[in-house]
Amino acid sequence: MFSNKVLDTKAMFTYIHPEVREVISTDYLIRHYNINTDGIQRHDALADCGLIARILEHLLREYEERGLDHFTADPNRSIRRFEIPKMYSVTENGGIPDE
């Protein structure tokens, strides 16, 4: 999984939860994984990095529980409410598409 150049927690979440219809935001993921944010200043770069890391820990645990050992941002898969940037996509031969 870590061979990806970019990991997007929102895309990773919607990949394993296609049934979720809500807009997937950091706040949504914090609520979903019941992450305690007491004493954390939101929208502070360092604090938000820590929160994203905690979300990623939950996601990786969930991927492991489902027996998934990779993540591919598939534009044909039902990802809710945001667009997958071209840099996330992988071509059939495993490369990044040309700009």
Side-chain angles (χ1 to χ4, degrees):
M1 182 180 299
F2 289 110
S3 64
N4 292 26
K5 293 184 182 205
V6 177
L7 293 175
D8 184 315
T9 54
K10 296 169 189 172
M12 290 176 72
F13 180 84
T14 58
Y15 184 78
I16 58 175
H17 291 284
E19 74 284 359
V20 174
R21 300 287 184 219
E22 288 85 359
V23 173
I24 305 304
S25 65
T26 300
D27 288 330
Y28 177 90
L29 295 174
I30 288 168
R31 286 190 308 274
H32 178 84
Y33 290 116
N34 198 27
I35 296 172
N36 184 346
T37 60
D38 291 346
I40 296 174
Q41 171 133 5
R42 291 299 314 279
H43 308 294
D44 171 84
L46 185 57
D48 280 352
C49 282
L51 283 173
I52 298 300
R54 290 168 65 188
I55 290 168
L56 182 59
E57 287 175 342
H58 285 275
L59 279 166
L60 292 176
R61 200 171 307 122
E62 198 168 354
Y63 268 66
E64 183 177 40
E65 289 168 0
R66 292 169 180 250
L68 298 171
D69 62 359
H70 69 283
F71 167 73
T72 301
D74 180 354
N76 298 316
R77 182 119 180 183
S78 182
I79 295 182
R80 306 278 180 247
R81 310 276 181 163
F82 61 94
E83 185 176 313
I84 300 173
K86 193 180 264 189
M87 64 189 273
Y88 287 24
S89 300
V90 177
T91 61
E92 287 179 18
N93 65 3
I96 302 218
D98 295 329
E99 299 250 330

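This one's a predicted model, so the numbers in the text were calculated from it and none came from an experiment.
Side-chain contact check for Leu51 versus Leu29: every heavy-atom pair is 4.5 Å or farther apart. Residues Phe13 and Val20 have side chains in contact (heavy-atom distance under 4.5 Å, counting atoms from C-beta outward).
Scanning both residues, Ile40 and Asn36, for their nearest heavy atoms gives CD1-O, 4.0 Å. Between Met12 and Tyr63, the closest heavy-atom pair is O-OH, 2.9 Å.
By the 4.0 Å N-to-carboxylate-O rule, Glu62 lies close enough to Arg66 to be salt-bridged with it.
Here the straight-line distance linking atom OG1 of Thr14 with atom CD of Glu19 works out to 10.0 Å at 0.5 Å rounding. The CD atom of Glu65 lies 11.0 Å from the CG atom of Leu60; values are rounded to the nearest 0.5 Å. Between the OH atom of Tyr33 and the OG1 atom of Thr9 there is a distance of 9.0 Å, given to the nearest 0.5 Å.
Every residue two or more places apart in sequence or in another chain that forms a side chain to side chain contact (heavy atoms under 4.5 Å, CB included) with Thr26 is listed here: Lys10, Ile30, Arg42, Ile52, Ile55.
The six-membered or imidazole ring of His32 lies away from that of His58, with a centre-to-centre distance of 6.0 Å or more.
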